[in-house]
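Before any comments, here is the structure.
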Number of protein chains: 2
Amino acid sequence: MIKPRSRRGGGRPTISDVARKAGVGAITVSRALREPERVSEELRRQIQAAVDELGYVPDPNARALASARAEVFGVLVPSLTNNVFAEVVRGIYDSLSASPFRIQLGNTHYSGLEEERLLQLFGSQRPAALIVAGIDQTPTSRKLLESAGCPVVQVMETGPDPVDMMVGFSHLDGGRTATEHLIEAGYRRIGFIGARMDPRSQRRLAGYRAAMEAAGLFDPRLVTTTPVLSSVSLGREMLRDALAKVPTLDGVFCNNDDIALGVLFECHRASIAVPKTIGIVGFNDLDMMQVAFPSITSIRTHRYEIGRRAVAMALAAIAGNRPEQRIVDLGFELKRRESTAR
Amino acid sequence: MIKPRSRRGGGRPTISDVARKAGVGAITVSRALREPERVSEELRRQIQAAVDELGYVPDPNARALASARAEVFGVLVPSLTNNVFAEVVRGIYDSLSASPFRIQLGNTHYSGLEEERLLQLFGSQRPAALIVAGIDQTPTSRKLLESAGCPVVQVMETGPDPVDMMVGFSHLDGGRTATEHLIEAGYRRIGFIGARMDPRSQRRLAGYRAAMEAAGLFDPRLVTTTPVLSSVSLGREMLRDALAKVPTLDGVFCNNDDIALGVLFECHRASIAVPKTIGIVGFNDLDMMQVAFPSITSIRTHRYEIGRRAVAMALAAIAGNRPEQRIVDLGFELKRRESTAR
DNA sequence: AATAAAGATGGTAGCGCTACCAAATTGGTG
DNA sequence: CACCAATTTGGTAGCGCTACCATCTTTATT
């Protein structure tokens, strides 16, 4: 005996309801929705009318199960609250909002192990694409990415050996540019202040070091780092540490803008003249940098655009035309401001 | 003729593979994974061994389809980059990371229409719970929430009429407390500066107004608002506008901390003494407020905790024991700092 | 010892959709 | 006008899992 319309879930209309109403086969409705050009104009209209009338919305789970492919972009970032990654996610979100793809967000907390766990988990969903921050995946993570069977975009950085595609810029060059700018402005005892020394921070430090060594100015005591998560208050404390070590410090390249802002505030508090006594350069160029007093020189990075490009490349790859340029360097811009104008 | 192991998707192991290997029925594997206490100790061990050996990960799509319930929390926020909501999302994420539930994030861009669209979309996935920011849903959105057939938590604010559950605090009280503090500190011509006047900002303004009227100090010219998205640079511009309107301004309650920071910087730039000439109060108490020079008085709100509580309540409701307290007020704290100490 | 109740396990039948193939229709082409 | 290819439509058989019931134990109860 067949139970009439048991419908375990609520009574939402299914594709067969639409098919019945439009007087066609279920598969034709499915096609009309996914590949409209393969269905005649007339049927398409009838089906659309039925869809509208019933308020039919396809069940993404059934879709994913039947097609062995979920309309999901897996996105892995090391932090949800760091404005830099929030901007990337926003770019991804905005670029995807017109498409049927959803976002599956993962927060790795800067942990390789957590990244592996999430990649494993995401793999079980057969995502349409994966977007991951950074290029320093563990060997296990790399293997998982390679065998994901979907386009993969590594974002935030560029490097020589993409799993699949890459969008970002060179943090090493950014660090070098920032430091060279300080040197050109006449600063000599230039410190590096960095929190949460993830691989990108390490490369900014490497850029700093390269510039300092090239100018014959490098001194290991000028480098102050901590694995602690970056924050404005941390910037303040770290400037104190740096000055305790090197009282003659006359400039700082900060790992990021939060640190730079903390440094600026500590200078105010300790009556250290900026840019006269100490010059400050940040990294990322958050909105507040241009408003600060004095305004703070920073390396502008294109986070939102990175998110957008990553999606554009993934979408192209899904559509079958992989971009010929697999590594996209969006560069950065040195924004010269008052904090280094002496 | 039966095709042997066609396996449309890659060759990932299924529940039947595990069942075969463990020498039990598929349904028993399913149970062992979801309700271990209903399976004997011995079988549980065998099944776990098979799962481990095969590297079996359940397919969430198949699960969702069969059980008419996806292991997904729909989360709707008005902005992805606003630190306040990022903190809430982080709280939600952290509380959910140990559970099988995933997050489906939606960005309403402060638009009621977009909220309706997303709610409609999320509904098609039969989420396990919905967490939405704010309490001012459109009638359509409210209807969608009521008929979602899952726990709903409205966060960030408290109000009299929850769809289901609520976690937040009173923005009106927050605005009033901030303003009363300025009045007590001796400020008289206290302005309100607010950007992106969403409903929560409106209520903070109402709190401001109530306090000012109670003290006989209210003057409409003291209020400066704009629908533009909030930013530090906007805070700077708005202080200029406010001072142009009311040159005798001696205090400002800012809609949020970004605005407050912009105001502080503009004061520096225009050589306006803080707190002597002008007192400043922010809202939310971001980390930078205590580091700023002078440090900025602000209303500390518990964003991360709001996210955690929302999940805890939703999880309890899913488990069948709805919390008896459906409205949770997490309050706020006035953090008195240098910017109002005169 | 007979019987009920509770606990453990399994079989069957879908969930809503799409891949795959078959069938029907149309439009040239020689 | 037969014949082939291209186009449009539909039927069938799952995708991997769980709800629902049936069956078989085991343990208490009288």
Side-chain angles (χ1 to χ4, degrees), chain A residues 1-20 22-47 51 54 56-71 100 123-126 128, chain B residues 1-20 22-47 51 54 56-71 100 123-126 128:
Chain A
M1 182 169 29
I2 291 151
K3 252 179 291 173
R5 264 182 163 277
S6 84
R7 229 9 102 56
R8 291 193 224 166
R12 301 191 321 116
T14 72
I15 204 168
S16 332
D17 295 328
V18 176
R20 208 171 309 120
V24 300
I27 188 66
T28 305
V29 175
S30 174
R31 246 191 311 257
L33 261 27
R34 293 176 301 131
E35 316 167 272
E37 72 283 357
R38 311 224 310 117
V39 173
S40 69
E41 170 96 29
E42 197 194 329
L43 282 193
R44 220 184 305 162
R45 249 202 320 276
Q46 282 176 43
I47 290 169
V51 165
L54 293 172
Y56 170 73
V57 184
D59 181 329
N61 298 117
R63 252 190 189 173
L65 185 58
S67 65
R69 192 47 80 197
E71 288 175 324
S124 73
Q125 310 199 38
R126 307 165 180 289
Chain B
M1 182 169 27
I2 292 150
K3 249 179 294 171
R5 267 181 161 277
S6 84
R7 234 2 106 55
R8 292 194 222 164
R12 300 193 321 115
T14 73
I15 205 168
S16 334
D17 296 328
V18 176
R20 206 171 309 122
V24 300
I27 189 66
T28 305
V29 175
S30 175
R31 245 190 311 256
L33 260 27
R34 293 176 301 130
E35 317 166 272
E37 72 284 357
R38 309 225 310 117
V39 174
S40 70
E41 170 97 29
E42 196 195 328
L43 281 193
R44 219 185 306 160
R45 247 203 320 276
Q46 283 176 41
I47 290 169
V51 164
L54 294 171
Y56 170 72
V57 183
D59 182 329
N61 299 117
R63 256 193 186 170
L65 184 58
S67 65
R69 191 46 82 195
E71 289 175 321
S124 73
Q125 309 200 39
R126 308 163 178 289

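- Comparing C/dA19, C/dG16, D/dG10 by their nearest atom to the side chain of A/Ala62 picks out C/dG16.
- Around the CD atom of A/Glu42, the shell of radius 6.0 Å holds no more than 12 heavy atoms that belong to other residues, nucleotides or ligands.
- Distances from the side chain of B/Val39 to the nucleotides C/dT9, C/dG16, D/dT18 place C/dT9 closest.
- Residues from residues 25-35 of chain A lying near DNA chain C, meaning a heavy-atom separation below 4.0 Å, are A/Ile27, A/Ser30, A/Arg34 in numerical order.
- As a whole-Å value, the separation of A/Leu65 CG from C/dC17 P is 12 Å.
- As a whole-Å value, the separation of A/Arg12 CZ from C/dC15 P is 13 Å.
- The shortest distance between the side-chain N/O atoms of B/Ser40 and the OP1/OP2 oxygens of C/dT9 is below 4.0 Å.
- Within the structure, a side-chain polar atom (N or O) of A/Arg63 is placed less than 4.0 Å from OP1 or OP2 of C/dT18.
- Rounded to whole Å, the distance from CZ on B/Arg20 to P on D/dG16 is 12 Å.
- To the nearest angstrom, P of D/dC17 lies 13 Å from CD1 of B/Ile47.
- A distance-only check finds a donor-acceptor pair linking the side chain of A/Arg44 to the backbone of A/Pro36 [under 3.5 Å].
- Going from atom CD1 of A/Ile47 over to atom OG of A/Ser40 covers 8.0 Å, rounded to the nearest 0.5 Å.
- Considering every non-hydrogen atom in both B/Ala62 and A/Leu65, the closest pair reads CB-CD1, 3.7 Å.
- Across all non-hydrogen atoms, the minimal contact from B/Thr14 to B/Asp17 is N-OD2, 2.8 Å.
- In this structure, of D/dA19, C/dC17, C/dG14, it is D/dA19 that holds the atom nearest to the side chain of B/Ser67.
- Applying the side-chain hydrogen bond (donor to acceptor under 3.5 Å, both in side chains) test to B/Glu41 and every residue at least two apart in sequence or in another chain returns B/Arg45.
- Following rounding to the nearest Å, A/Arg69 (CZ) and D/dG16 (P) show an atom-to-atom distance of 13 Å.
- Among residues two or more places apart in sequence or in another chain, the side-chain hydrogen bond (donor to acceptor under 3.5 Å, both in side chains) test is passed with B/Glu35 by none.
- Counting to the nearest Å, the C1' atom of C/dA8 and the CD atom of B/Glu41 are 14 Å from each other.
- In this structure, A/Glu42 atom CD and D/dT7 atom C1' are separated by 15 Å, rounded to whole Å.
- Side-chain contact between A/Asp59 and A/Arg12: present, with at least one pair of heavy atoms (C-beta onward) separated by less than 4.5 Å.
- Nucleotide D/dT9 holds its P atom 10 Å from the CZ atom of A/Arg44, rounded to whole Å.
- Axis angle across the helix from C/dA1-D/dT30 to C/dG30-D/dC1, with five pairs used at each end and values rounded to 10°: 40°.
- Taking both residues in full, the closest heavy atoms of B/Ala70 and A/Asn61 are given as CB-OD1, 4.2 Å, listed atom of the first, atom of the second, then distance.
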I'd like a list of close polar pairs between nucleotides 4-6 of chain C and the protein, N/O only, cut-off under 3.5 Å.
none

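- Remark on DNA chain D: of its neighbouring residues B/Pro58 and B/Arg38, the 5'-side contact belongs to B/Pro58, judged by nearest-heavy-atom nucleotide.
- Every side chain to side chain contact (heavy atoms under 4.5 Å, CB included) that B/Arg63 has, sequence neighbours left out, goes to B/Leu33, B/Arg34, B/Pro58, B/Glu71.
- Here the straight-line distance linking atom CG of B/Leu54 with atom CD1 of B/Ile15 works out to 12.0 Å at 0.5 Å rounding.
- Taking CZ of B/Arg69 as the start and CD of B/Gln125 as the end, the distance is 11.5 Å to the nearest 0.5 Å.
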